[in-house]
Amino acid sequence: MTSVMWFRRDLRVSDNKALYHASKEDDLILLFQVNPAQFITGSPSHQAFFASVAHFQQELAKTARLQIMFGDPMECLQQLKEAVPTWDKVFFNRDETGYGASRDAAAQQFFDEQQIEVHAFHDSYLHSAEEVKKSPTEYYKIFTPYYKKWREEIKEMPLKVTLKPENIRKESIFPKYEEQFAELVRDVPSLDNGEQAANARLASFIKEDLTDYDKARDFPELDKTSHLSRYLRTGEISIRTIWQALQQTETTEGRATFEKELCWRDFYNMIYVSFPEQKNEPIQENYRYIEWENNRVFFKRWQEGQTGFPLVDAAMRQLKETGWMHNRLRMITASFLTKDLLIDWRFGEKYFQQMLIDYDSASNIGGWQWAASTGTDAVPYFRIFNPTTQSEKFDPTGKFIRMYVKELANIPDKFIHQPEKMSETEQKEHGIIIGKDYPLPIVDHKERRKLAIARYEFSKEHYRGNI
Ligand SMILES: Cc1cc2nc3c(=O)[nH]c(=O)nc-3n(C[C@H](O)[C@H](O)[C@H](O)COP(=O)(O)OP(=O)(O)OC[C@H]3O[C@@H](n4cnc5c(N)ncnc54)[C@H](O)[C@@H]3O)c2cc1C
(Lines give C-alpha, C1' and ligand atoms only; values in the text may rest on other atoms or scores of the structure.)
Protein backbone atom coordinates (compact mmCIF):
# COMPACT_ATOMS: atom_id res chain seq x y z
CA MET A 1 0.00 0.00 0.00
CA THR A 2 1.32 3.44 -0.93
CA SER A 3 0.91 6.90 0.57
CA VAL A 4 1.40 10.30 -1.03
CA MET A 5 2.50 13.46 0.75
CA TRP A 6 1.23 16.32 -1.42
CA PHE A 7 3.21 19.52 -0.79
CA ARG A 8 1.76 22.95 -1.55
CA ARG A 9 2.74 26.09 0.36
CA ASP A 10 4.47 24.07 3.06
CA LEU A 11 7.92 23.63 1.51
CA ARG A 12 9.74 22.36 4.56
CA VAL A 13 10.38 19.23 6.55
CA SER A 14 10.47 20.57 10.09
CA ASP A 15 7.15 21.10 11.83
CA ASN A 16 5.17 20.19 8.72
CA LYS A 17 1.98 18.73 10.13
CA ALA A 18 0.95 16.56 7.18
CA LEU A 19 4.51 15.35 6.67
CA TYR A 20 4.79 14.49 10.36
CA HIS A 21 1.98 11.96 9.90
CA ALA A 22 2.99 10.86 6.39
CA SER A 23 6.55 10.15 7.52
CA LYS A 24 5.30 7.19 9.54
CA GLU A 25 4.14 5.40 6.36
CA ASP A 26 6.10 2.48 4.86
CA ASP A 27 5.93 3.36 1.17
CA LEU A 28 5.82 7.11 0.66
CA ILE A 29 5.79 9.34 -2.43
CA LEU A 30 6.60 13.04 -1.99
CA LEU A 31 4.71 15.12 -4.56
CA PHE A 32 4.60 18.70 -5.78
CA GLN A 33 2.15 19.49 -8.55
CA VAL A 34 2.52 22.55 -10.77
CA ASN A 35 -0.60 23.91 -12.44
CA PRO A 36 0.53 26.11 -15.37
CA ALA A 37 -2.95 27.67 -15.58
CA GLN A 38 -2.32 29.03 -12.12
CA PHE A 39 0.82 31.07 -12.75
CA ILE A 40 1.75 34.12 -14.78
CA THR A 41 4.88 33.18 -16.73
CA GLY A 42 7.87 35.25 -15.76
CA SER A 43 6.13 37.19 -12.99
CA PRO A 44 8.54 37.95 -10.12
CA SER A 45 6.01 36.54 -7.68
CA HIS A 46 5.80 33.13 -9.33
CA GLN A 47 9.49 33.01 -10.12
CA ALA A 48 10.19 33.50 -6.43
CA PHE A 49 7.79 30.71 -5.53
CA PHE A 50 9.39 28.31 -7.99
CA ALA A 51 12.84 29.22 -6.74
CA SER A 52 11.66 27.97 -3.35
CA VAL A 53 10.25 24.76 -4.83
CA ALA A 54 13.51 24.14 -6.71
CA HIS A 55 15.53 24.71 -3.56
CA PHE A 56 13.29 22.36 -1.60
CA GLN A 57 13.65 19.73 -4.32
CA GLN A 58 17.45 20.01 -4.12
CA GLU A 59 17.47 19.84 -0.34
CA LEU A 60 15.24 16.76 -0.34
CA ALA A 61 17.37 15.12 -3.03
CA LYS A 62 20.05 14.49 -0.39
CA THR A 63 17.84 11.80 1.16
CA ALA A 64 14.64 11.48 -0.85
CA ARG A 65 12.93 12.64 -4.05
CA LEU A 66 10.32 15.29 -4.65
CA GLN A 67 8.23 14.01 -7.55
CA ILE A 68 7.07 16.82 -9.81
CA MET A 69 3.90 16.76 -11.86
CA PHE A 70 2.79 19.34 -14.41
CA GLY A 71 -0.76 20.12 -15.52
CA ASP A 72 -4.32 20.25 -14.33
CA PRO A 73 -4.44 18.93 -10.74
CA MET A 74 -7.21 16.40 -11.35
CA GLU A 75 -5.48 15.03 -14.45
CA CYS A 76 -2.25 14.75 -12.50
CA LEU A 77 -3.93 12.84 -9.69
CA GLN A 78 -5.52 10.50 -12.23
CA GLN A 79 -2.14 9.88 -13.89
CA LEU A 80 -0.52 9.22 -10.56
CA LYS A 81 -3.17 6.70 -9.59
CA GLU A 82 -2.67 4.92 -12.94
CA ALA A 83 1.10 4.87 -12.48
CA VAL A 84 0.86 3.77 -8.83
CA PRO A 85 -2.25 1.56 -8.48
CA THR A 86 -1.33 0.73 -4.87
CA TRP A 87 -1.86 4.37 -3.85
CA ASP A 88 -4.43 4.34 -1.04
CA LYS A 89 -3.61 7.24 1.33
CA VAL A 90 -2.93 10.93 0.81
CA PHE A 91 -1.56 13.49 3.27
CA PHE A 92 -1.67 17.26 2.76
CA ASN A 93 -2.03 20.59 4.54
CA ARG A 94 -5.32 22.02 3.40
CA ASP A 95 -6.04 25.47 1.99
CA GLU A 96 -9.07 27.26 3.34
CA THR A 97 -9.41 29.94 0.68
CA GLY A 98 -9.21 30.83 -3.01
CA TYR A 99 -7.77 28.53 -5.67
CA GLY A 100 -6.34 26.14 -3.08
CA ALA A 101 -9.71 25.60 -1.42
CA SER A 102 -11.48 24.84 -4.72
CA ARG A 103 -8.65 22.52 -5.79
CA ASP A 104 -8.93 20.67 -2.48
CA ALA A 105 -12.70 20.32 -2.87
CA ALA A 106 -12.30 18.83 -6.36
CA ALA A 107 -9.49 16.56 -5.15
CA GLN A 108 -11.65 15.31 -2.28
CA GLN A 109 -14.17 14.05 -4.82
CA PHE A 110 -11.43 12.21 -6.71
CA PHE A 111 -10.10 10.65 -3.50
CA ASP A 112 -13.60 9.52 -2.52
CA GLU A 113 -14.15 7.92 -5.92
CA GLN A 114 -10.78 6.18 -5.80
CA GLN A 115 -11.19 5.19 -2.16
CA ILE A 116 -8.01 6.98 -1.21
CA GLU A 117 -7.95 7.78 2.49
CA VAL A 118 -7.50 11.52 3.11
CA HIS A 119 -5.40 12.91 5.96
CA ALA A 120 -5.72 16.70 5.76
CA PHE A 121 -4.41 19.23 8.30
CA HIS A 122 -4.45 22.92 9.14
CA ASP A 123 -0.85 24.03 9.06
CA SER A 124 -0.45 27.54 7.62
CA TYR A 125 -1.94 29.67 10.37
CA LEU A 126 -1.71 29.83 14.12
CA HIS A 127 -5.48 29.45 14.09
CA SER A 128 -7.59 28.30 11.18
CA ALA A 129 -10.70 30.31 10.32
CA GLU A 130 -12.98 27.94 12.21
CA GLU A 131 -10.99 28.08 15.43
CA VAL A 132 -11.59 31.73 16.35
CA LYS A 133 -15.22 32.67 15.83
CA LYS A 134 -17.71 35.00 17.44
CA SER A 135 -20.15 32.11 17.80
CA PRO A 136 -20.31 28.66 16.19
CA THR A 137 -22.20 30.18 13.26
CA GLU A 138 -20.64 33.62 13.05
CA TYR A 139 -17.21 34.87 12.01
CA TYR A 140 -15.72 38.06 13.38
CA LYS A 141 -15.73 41.17 11.19
CA ILE A 142 -13.76 43.53 13.43
CA PHE A 143 -10.12 42.95 14.27
CA THR A 144 -9.98 44.04 17.94
CA PRO A 145 -12.48 41.53 19.39
CA TYR A 146 -11.03 38.85 17.09
CA TYR A 147 -7.56 39.62 18.42
CA LYS A 148 -8.77 39.42 22.03
CA LYS A 149 -10.24 35.95 21.46
CA TRP A 150 -7.25 34.87 19.32
CA ARG A 151 -4.84 35.72 22.13
CA GLU A 152 -6.73 33.54 24.59
CA GLU A 153 -6.52 30.45 22.38
CA ILE A 154 -3.72 27.98 23.01
CA LYS A 155 -1.13 27.92 20.23
CA GLU A 156 0.16 24.52 19.13
CA MET A 157 3.76 23.43 19.65
CA PRO A 158 6.03 22.63 16.67
CA LEU A 159 6.30 18.96 15.69
CA LYS A 160 9.55 17.10 15.24
CA VAL A 161 9.54 15.39 11.85
CA THR A 162 11.93 12.52 11.15
CA LEU A 163 12.01 11.33 7.57
CA LYS A 164 12.83 7.67 6.96
CA PRO A 165 14.68 7.77 3.63
CA GLU A 166 14.37 3.99 3.23
CA ASN A 167 10.57 4.38 3.03
CA ILE A 168 10.54 7.13 0.42
CA ARG A 169 10.40 6.43 -3.32
CA LYS A 170 13.59 7.62 -4.98
CA GLU A 171 13.07 6.71 -8.61
CA SER A 172 11.42 9.37 -10.75
CA ILE A 173 7.84 8.41 -11.58
CA PHE A 174 7.41 11.07 -14.29
CA PRO A 175 10.85 12.07 -15.63
CA LYS A 176 9.27 14.25 -18.36
CA TYR A 177 7.65 16.46 -15.72
CA GLU A 178 10.90 16.81 -13.84
CA GLU A 179 12.56 17.94 -17.06
CA GLN A 180 9.75 20.41 -17.66
CA PHE A 181 10.17 21.80 -14.17
CA ALA A 182 13.94 22.03 -14.56
CA GLU A 183 13.33 24.08 -17.71
CA LEU A 184 10.87 26.33 -15.87
CA VAL A 185 13.32 27.15 -13.10
CA ARG A 186 16.45 27.26 -15.26
CA ASP A 187 16.66 31.06 -15.31
CA VAL A 188 14.86 31.77 -12.08
CA PRO A 189 17.10 33.86 -9.84
CA SER A 190 17.62 32.07 -6.56
CA LEU A 191 16.90 34.09 -3.46
CA ASP A 192 18.07 33.24 0.00
CA ASN A 193 15.90 30.11 -0.02
CA GLY A 194 15.17 27.21 2.26
CA GLU A 195 14.42 26.30 5.84
CA GLN A 196 17.89 27.14 7.02
CA ALA A 197 17.77 30.64 5.54
CA ALA A 198 14.29 31.21 6.97
CA ASN A 199 15.34 30.12 10.45
CA ALA A 200 18.45 32.28 10.26
CA ARG A 201 16.25 35.27 9.31
CA LEU A 202 14.00 34.60 12.30
CA ALA A 203 16.95 34.29 14.68
CA SER A 204 18.56 37.47 13.44
CA PHE A 205 15.28 39.42 13.63
CA ILE A 206 14.68 38.27 17.21
CA LYS A 207 18.22 39.14 18.23
CA GLU A 208 18.50 42.51 16.49
CA ASP A 209 15.08 44.02 15.95
CA LEU A 210 12.28 42.44 17.98
CA THR A 211 12.59 44.56 21.12
CA ASP A 212 12.18 47.86 19.27
CA TYR A 213 9.86 46.53 16.58
CA ASP A 214 6.95 48.67 17.85
CA LYS A 215 8.99 51.87 17.49
CA ALA A 216 10.92 51.13 14.30
CA ARG A 217 8.48 49.16 12.16
CA ASP A 218 6.88 52.16 10.47
CA PHE A 219 10.07 53.70 9.10
CA PRO A 220 11.06 52.16 5.76
CA GLU A 221 14.61 53.53 5.81
CA LEU A 222 15.37 51.61 9.04
CA ASP A 223 14.31 48.30 7.48
CA LYS A 224 13.57 46.81 10.89
CA THR A 225 10.71 44.47 10.04
CA SER A 226 11.28 40.72 9.94
CA HIS A 227 11.08 40.02 6.18
CA LEU A 228 9.58 36.67 7.14
CA SER A 229 6.57 37.15 4.85
CA ARG A 230 8.13 35.41 1.86
CA TYR A 231 9.11 32.38 3.93
CA LEU A 232 5.61 32.22 5.40
CA ARG A 233 4.15 32.39 1.93
CA THR A 234 6.08 29.31 0.76
CA GLY A 235 6.03 27.59 4.12
CA GLU A 236 9.82 27.53 4.33
CA ILE A 237 9.23 28.38 7.97
CA SER A 238 6.33 27.23 10.10
CA ILE A 239 4.18 29.75 11.90
CA ARG A 240 4.34 27.61 15.08
CA THR A 241 8.13 27.72 14.99
CA ILE A 242 7.98 31.52 14.83
CA TRP A 243 5.45 31.70 17.64
CA GLN A 244 7.36 29.39 19.97
CA ALA A 245 10.61 31.25 19.30
CA LEU A 246 8.87 34.48 20.33
CA GLN A 247 7.68 32.89 23.57
CA GLN A 248 11.32 32.28 24.54
CA THR A 249 12.03 36.03 24.51
CA GLU A 250 11.30 38.60 27.20
CA THR A 251 7.89 40.27 27.14
CA THR A 252 8.28 43.66 25.47
CA GLU A 253 6.08 46.07 23.52
CA GLY A 254 8.08 45.07 20.47
CA ARG A 255 7.16 41.42 20.88
CA ALA A 256 3.50 42.19 21.61
CA THR A 257 3.24 44.36 18.49
CA PHE A 258 4.87 41.68 16.35
CA GLU A 259 2.51 39.00 17.68
CA LYS A 260 -0.40 41.26 16.78
CA GLU A 261 0.86 41.43 13.19
CA LEU A 262 0.83 37.64 13.07
CA CYS A 263 -2.77 37.85 14.21
CA TRP A 264 -3.59 40.14 11.25
CA ARG A 265 -2.41 37.31 9.02
CA ASP A 266 -4.86 34.87 10.64
CA PHE A 267 -7.58 37.54 10.63
CA TYR A 268 -7.35 38.11 6.87
CA ASN A 269 -7.41 34.38 6.22
CA MET A 270 -10.58 34.13 8.30
CA ILE A 271 -12.09 37.11 6.45
CA TYR A 272 -11.36 35.41 3.11
CA VAL A 273 -13.11 32.27 4.33
CA SER A 274 -16.14 34.31 5.36
CA PHE A 275 -16.15 36.38 2.11
CA PRO A 276 -14.96 33.96 -0.60
CA GLU A 277 -15.79 36.51 -3.32
CA GLN A 278 -13.47 39.16 -1.90
CA LYS A 279 -10.90 38.99 -4.70
CA ASN A 280 -13.51 40.36 -7.10
CA GLU A 281 -16.09 42.07 -4.93
CA PRO A 282 -15.83 44.86 -2.35
CA ILE A 283 -16.80 43.33 0.98
CA GLN A 284 -18.89 46.36 1.94
CA GLU A 285 -21.79 46.34 -0.47
CA ASN A 286 -22.34 50.09 -0.22
CA TYR A 287 -19.00 50.66 -1.97
CA ARG A 288 -19.87 48.60 -5.03
CA TYR A 289 -20.95 51.67 -7.03
CA ILE A 290 -17.80 53.79 -6.88
CA GLU A 291 -17.12 55.41 -10.25
CA TRP A 292 -13.44 54.71 -10.81
CA GLU A 293 -11.55 56.73 -13.40
CA ASN A 294 -9.13 53.90 -14.24
CA ASN A 295 -6.84 56.23 -16.19
CA ARG A 296 -4.29 53.99 -17.96
CA VAL A 297 -1.58 56.65 -18.04
CA PHE A 298 -1.89 57.24 -14.31
CA PHE A 299 -1.77 53.49 -13.66
CA LYS A 300 1.43 53.15 -15.67
CA ARG A 301 2.99 56.14 -13.89
CA TRP A 302 2.11 54.56 -10.54
CA GLN A 303 3.61 51.20 -11.58
CA GLU A 304 6.78 52.86 -12.82
CA GLY A 305 7.25 55.13 -9.79
CA GLN A 306 6.76 58.29 -11.85
CA THR A 307 3.94 60.08 -10.05
CA GLY A 308 5.88 63.09 -8.81
CA PHE A 309 5.16 62.08 -5.19
CA PRO A 310 8.63 61.01 -4.03
CA LEU A 311 7.71 58.47 -1.34
CA VAL A 312 5.09 56.81 -3.56
CA ASP A 313 7.66 56.61 -6.34
CA ALA A 314 10.38 55.25 -4.07
CA ALA A 315 7.99 52.57 -2.82
CA MET A 316 6.90 51.49 -6.29
CA ARG A 317 10.52 51.31 -7.40
CA GLN A 318 11.40 49.25 -4.33
CA LEU A 319 8.68 46.79 -5.36
CA LYS A 320 9.98 46.60 -8.92
CA GLU A 321 13.61 46.24 -7.93
CA THR A 322 13.28 43.86 -4.98
CA GLY A 323 9.84 42.19 -5.18
CA TRP A 324 9.07 43.40 -1.68
CA MET A 325 7.64 46.59 -0.22
CA HIS A 326 7.55 47.88 3.33
CA ASN A 327 4.12 47.64 5.01
CA ARG A 328 3.74 51.41 5.58
CA LEU A 329 4.48 51.94 1.90
CA ARG A 330 1.97 49.29 0.82
CA MET A 331 -0.65 51.31 2.70
CA ILE A 332 0.50 54.61 1.18
CA THR A 333 0.75 53.37 -2.42
CA ALA A 334 -2.57 51.51 -2.22
CA SER A 335 -4.28 54.58 -0.80
CA PHE A 336 -2.69 56.75 -3.48
CA LEU A 337 -3.85 54.48 -6.31
CA THR A 338 -7.42 54.27 -5.09
CA LYS A 339 -8.07 57.69 -3.54
CA ASP A 340 -5.71 60.03 -5.43
CA LEU A 341 -5.76 58.35 -8.82
CA LEU A 342 -9.26 56.88 -8.46
CA ILE A 343 -8.16 53.56 -9.91
CA ASP A 344 -10.06 50.46 -8.89
CA TRP A 345 -8.24 48.60 -6.08
CA ARG A 346 -8.57 45.35 -8.03
CA PHE A 347 -5.98 46.57 -10.57
CA GLY A 348 -3.57 47.33 -7.76
CA GLU A 349 -4.23 43.99 -6.09
CA LYS A 350 -3.46 42.15 -9.34
CA TYR A 351 -0.29 44.15 -9.93
CA PHE A 352 0.96 43.29 -6.43
CA GLN A 353 0.02 39.66 -7.10
CA GLN A 354 2.44 39.63 -10.03
CA MET A 355 5.20 41.54 -8.33
CA LEU A 356 5.37 40.53 -4.66
CA ILE A 357 7.68 37.71 -3.70
CA ASP A 358 5.61 37.37 -0.54
CA TYR A 359 2.27 37.41 -2.36
CA ASP A 360 -0.43 35.94 -0.21
CA SER A 361 -3.96 36.28 -1.54
CA ALA A 362 -5.70 36.67 1.84
CA SER A 363 -3.28 39.34 3.12
CA ASN A 364 -3.01 41.14 -0.21
CA ILE A 365 -6.74 41.34 -0.82
CA GLY A 366 -7.22 42.23 2.85
CA GLY A 367 -4.62 45.01 2.60
CA TRP A 368 -6.09 46.39 -0.60
CA GLN A 369 -9.66 46.33 0.65
CA TRP A 370 -8.45 47.99 3.84
CA ALA A 371 -6.74 50.81 1.93
CA ALA A 372 -9.66 51.22 -0.48
CA SER A 373 -12.07 51.41 2.50
CA THR A 374 -14.17 48.65 0.93
CA GLY A 375 -13.10 45.90 3.33
CA THR A 376 -14.29 44.88 6.73
CA ASP A 377 -12.76 47.01 9.51
CA ALA A 378 -11.08 49.14 6.83
CA VAL A 379 -9.81 52.72 7.01
CA PRO A 380 -12.88 55.03 6.74
CA TYR A 381 -13.25 56.47 3.22
CA PHE A 382 -12.91 60.08 4.44
CA ARG A 383 -9.60 59.48 6.25
CA ILE A 384 -7.41 59.76 3.20
CA PHE A 385 -3.63 59.52 3.51
CA ASN A 386 -1.89 62.69 2.42
CA PRO A 387 1.14 61.33 0.52
CA THR A 388 3.25 64.36 1.43
CA THR A 389 2.57 64.37 5.17
CA GLN A 390 3.03 60.58 5.27
CA SER A 391 6.38 61.16 3.62
CA GLU A 392 7.38 63.87 6.13
CA LYS A 393 6.34 61.67 9.03
CA PHE A 394 7.76 58.30 8.02
CA ASP A 395 10.79 59.32 5.97
CA PRO A 396 11.65 62.66 7.61
CA THR A 397 15.07 63.18 6.04
CA GLY A 398 14.17 61.47 2.79
CA LYS A 399 16.77 58.76 3.27
CA PHE A 400 14.48 56.07 1.89
CA ILE A 401 13.37 58.26 -1.02
CA ARG A 402 16.99 58.85 -2.00
CA MET A 403 17.70 55.10 -2.01
CA TYR A 404 15.24 54.50 -4.85
CA VAL A 405 14.64 57.87 -6.52
CA LYS A 406 18.22 58.52 -7.48
CA GLU A 407 17.31 61.72 -9.39
CA LEU A 408 16.47 63.33 -6.04
CA ALA A 409 19.61 62.16 -4.25
CA ASN A 410 21.22 65.58 -4.15
CA ILE A 411 18.36 67.89 -3.31
CA PRO A 412 18.14 69.43 0.18
CA ASP A 413 16.02 67.77 2.88
CA LYS A 414 13.55 70.65 2.94
CA PHE A 415 12.49 69.90 -0.66
CA ILE A 416 12.71 66.12 -0.62
CA HIS A 417 8.98 65.58 -0.07
CA GLN A 418 7.91 68.24 -2.59
CA PRO A 419 10.72 68.83 -5.07
CA GLU A 420 8.37 70.87 -7.29
CA LYS A 421 8.54 73.60 -4.62
CA MET A 422 12.12 74.44 -5.63
CA SER A 423 12.52 77.63 -7.61
CA GLU A 424 14.12 77.43 -11.05
CA THR A 425 17.36 78.77 -9.60
CA GLU A 426 17.32 76.17 -6.82
CA GLN A 427 16.65 73.41 -9.34
CA LYS A 428 19.62 74.54 -11.43
CA GLU A 429 21.77 74.77 -8.34
CA HIS A 430 20.98 71.13 -7.49
CA GLY A 431 21.33 69.88 -11.05
CA ILE A 432 17.72 68.84 -11.64
CA ILE A 433 14.79 70.14 -13.65
CA ILE A 434 11.44 69.15 -12.19
CA GLY A 435 9.07 68.25 -14.99
CA LYS A 436 11.98 66.88 -17.03
CA ASP A 437 14.37 64.89 -14.83
CA TYR A 438 11.68 64.06 -12.29
CA PRO A 439 7.92 64.49 -12.84
CA LEU A 440 5.70 67.20 -11.48
CA PRO A 441 2.95 65.73 -9.24
CA ILE A 442 0.45 64.06 -11.57
CA VAL A 443 -2.51 65.14 -9.43
CA ASP A 444 -3.39 67.81 -6.90
CA HIS A 445 -3.93 65.86 -3.67
CA LYS A 446 -6.40 68.34 -2.16
CA GLU A 447 -8.67 68.27 -5.20
CA ARG A 448 -8.47 64.50 -5.61
CA ARG A 449 -9.26 63.99 -1.95
CA LYS A 450 -12.50 65.94 -2.34
CA LEU A 451 -13.36 64.06 -5.50
CA ALA A 452 -12.69 60.67 -3.90
CA ILE A 453 -14.91 61.48 -0.93
CA ALA A 454 -17.68 62.56 -3.30
CA ARG A 455 -17.36 59.29 -5.28
CA TYR A 456 -17.57 57.17 -2.13
CA GLU A 457 -20.58 59.16 -0.89
CA PHE A 458 -22.26 58.76 -4.25
CA SER A 459 -21.77 55.00 -4.03
CA LYS A 460 -23.34 54.90 -0.57
CA GLU A 461 -26.33 56.93 -1.71
CA HIS A 462 -26.74 54.79 -4.81
CA TYR A 463 -26.69 51.66 -2.65
CA ARG A 464 -29.38 53.13 -0.40
CA GLY A 465 -31.49 53.75 -3.48
CA ASN A 466 -31.36 57.54 -3.17
CA ILE A 467 -29.76 58.08 -6.59
C1 LIG B 1 -1.99 46.80 0.15
C2 LIG B 1 -1.31 45.74 0.99
C3 LIG B 1 -0.95 44.54 0.40
C4 LIG B 1 -0.33 43.53 1.17
N5 LIG B 1 0.00 42.34 0.55
C6 LIG B 1 0.56 41.35 1.27
C7 LIG B 1 0.90 40.11 0.67
O8 LIG B 1 0.66 39.87 -0.51
N9 LIG B 1 1.52 39.17 1.44
C10 LIG B 1 1.79 39.39 2.77
O11 LIG B 1 2.36 38.50 3.42
N12 LIG B 1 1.44 40.53 3.36
C13 LIG B 1 0.86 41.53 2.67
N14 LIG B 1 0.55 42.71 3.28
C15 LIG B 1 0.78 42.85 4.73
C16 LIG B 1 2.18 43.41 5.11
O17 LIG B 1 2.45 44.55 4.37
C18 LIG B 1 3.29 42.39 4.90
O19 LIG B 1 2.96 41.18 5.53
C20 LIG B 1 4.62 42.86 5.49
O21 LIG B 1 4.99 44.09 4.93
C22 LIG B 1 5.70 41.83 5.21
O23 LIG B 1 6.94 42.24 5.67
P24 LIG B 1 7.59 41.60 6.98
O25 LIG B 1 7.57 40.13 6.91
O26 LIG B 1 8.90 42.27 7.19
O27 LIG B 1 6.53 42.08 8.07
P28 LIG B 1 6.64 42.19 9.65
O29 LIG B 1 6.31 43.58 10.01
O30 LIG B 1 7.91 41.65 10.15
O31 LIG B 1 5.42 41.30 10.16
C32 LIG B 1 5.57 39.92 10.49
C33 LIG B 1 4.56 39.09 9.77
O34 LIG B 1 3.25 39.45 10.18
C35 LIG B 1 2.35 39.33 9.08
N36 LIG B 1 1.78 40.65 8.80
C37 LIG B 1 2.31 41.85 9.08
N38 LIG B 1 1.46 42.84 8.72
C39 LIG B 1 0.39 42.24 8.19
C40 LIG B 1 -0.83 42.71 7.63
N41 LIG B 1 -1.13 44.02 7.56
N42 LIG B 1 -1.71 41.81 7.15
C43 LIG B 1 -1.46 40.49 7.22
N44 LIG B 1 -0.32 39.98 7.75
C45 LIG B 1 0.58 40.84 8.22
C46 LIG B 1 3.16 38.87 7.89
O47 LIG B 1 3.06 37.47 7.81
C48 LIG B 1 4.58 39.30 8.27
O49 LIG B 1 5.57 38.52 7.66
C50 LIG B 1 -0.08 43.74 2.54
C51 LIG B 1 -0.46 44.95 3.12
C52 LIG B 1 -1.06 45.94 2.35
C53 LIG B 1 -1.44 47.24 3.00
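Both ligands and their constituent atoms are indexed starting at 1 by order of listing. If you're wondering where the values come from, they're calculated on a predicted model, not measured in any experiment.
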Of the choices [options], which has the non-hydrogen atom that lies closest to [atom]?
{"atom": "atom 2 (C) of ligand 1", "options": "Gly367, Ser335, Ala362", "result": "Gly367"}
{"atom": "atom 35 (C) of ligand 1", "options": "Glu261, Arg328, Gln369", "result": "Glu261"}
{"atom": "atom 22 (C) of ligand 1", "options": "Cys263, Ser229, Ser45", "result": "Ser229"}
{"atom": "atom 53 (C) of ligand 1", "options": "Met331, Met325, Glu349", "result": "Met331"}

Of all the non-hydrogen atoms in the protein, which one sits nearest to [atom], and at what distance?
{"atom": "atom 14 (N) of ligand 1", "value": "Arg330 NH1, 3.7 Å"}
{"atom": "atom 32 (C) of ligand 1", "value": "Phe258 CE1, 3.3 Å"}
{"atom": "atom 33 (C) of ligand 1", "value": "Leu262 CD2, 3.7 Å"}
{"atom": "atom 11 (O) of ligand 1", "value": "Asp358 O, 3.6 Å"}
{"atom": "atom 8 (O) of ligand 1", "value": "Asp360 N, 3.1 Å"}
{"atom": "atom 46 (C) of ligand 1", "value": "Arg265 CD, 4.4 Å"}

Contacts of Glu153 meeting side-chain contact (heavy atoms from CB on, under 4.5 Å) (sequence neighbours excluded), chain-then-number -> His127, Val132, Lys149, Lys155
Next on the checklist: Is the distance from the ring center of Phe205 to that of His227 below 6.0 Å?
Outcome noted: no
Inset, instruction - Decide whether a cation-pi geometry holds between Arg317 and Tyr404; the criteria are a distance under 6.0 Å from NZ or CZ to the six-membered ring centre and an angle within 45° of the ring axis. - result: no
Could you check whether Lys339 makes a cation-pi contact with Phe385, meaning its NZ or CZ is under 6.0 Å from the centre of the six-membered ring and within 45° of the ring axis?
no
So for Asn327 against ligand 1, with non-hydrogen atoms under 4.0 Å, the contacting part is both
Under a 3.5 Å threshold, yes or no: a donor from one side chain and an acceptor from the other, between Gln284 and Tyr463? no
Quick one: does [X] get an N or O within less than 3.5 Å of an N or O on ligand 1?
{"X": "Leu356", "answer": "no"}
{"X": "Ser226", "answer": "yes"}
{"X": "Trp264", "answer": "no"}

Tested for side-chain hydrogen bond (donor to acceptor under 3.5 Å, both in side chains) against Arg233, the lone hit among Ser363, Ser52, Ser45 is Ser45
Residue set satisfying salt bridge (charged side-chain N to carboxylate O under 4.0 Å, His left out) with Asp95, at least two apart, ordered chain then number -> Arg9, Arg103
May I ask whether [X] places a heavy atom under 4.0 Å from ligand 1?
{"X": "Trp324", "result": "yes"}
{"X": "Phe267", "result": "no"}
{"X": "Arg217", "result": "no"}
{"X": "Tyr213", "result": "yes"}

- Give the C-alpha distance, both sets of side-chain angles, the deciding distance and a yes or no for side chain to side chain donor-acceptor pair (under 3.5 Å) between Glu461 and Tyr456. CA-CA 9 Å; Glu461 290 303 311; Tyr456 276 76; over 6 Å; no
Quick check on Phe347: does its CZ atom have over 12 non-hydrogen neighbours (other residues, nucleotides or ligands) under 6.0 Å away? no
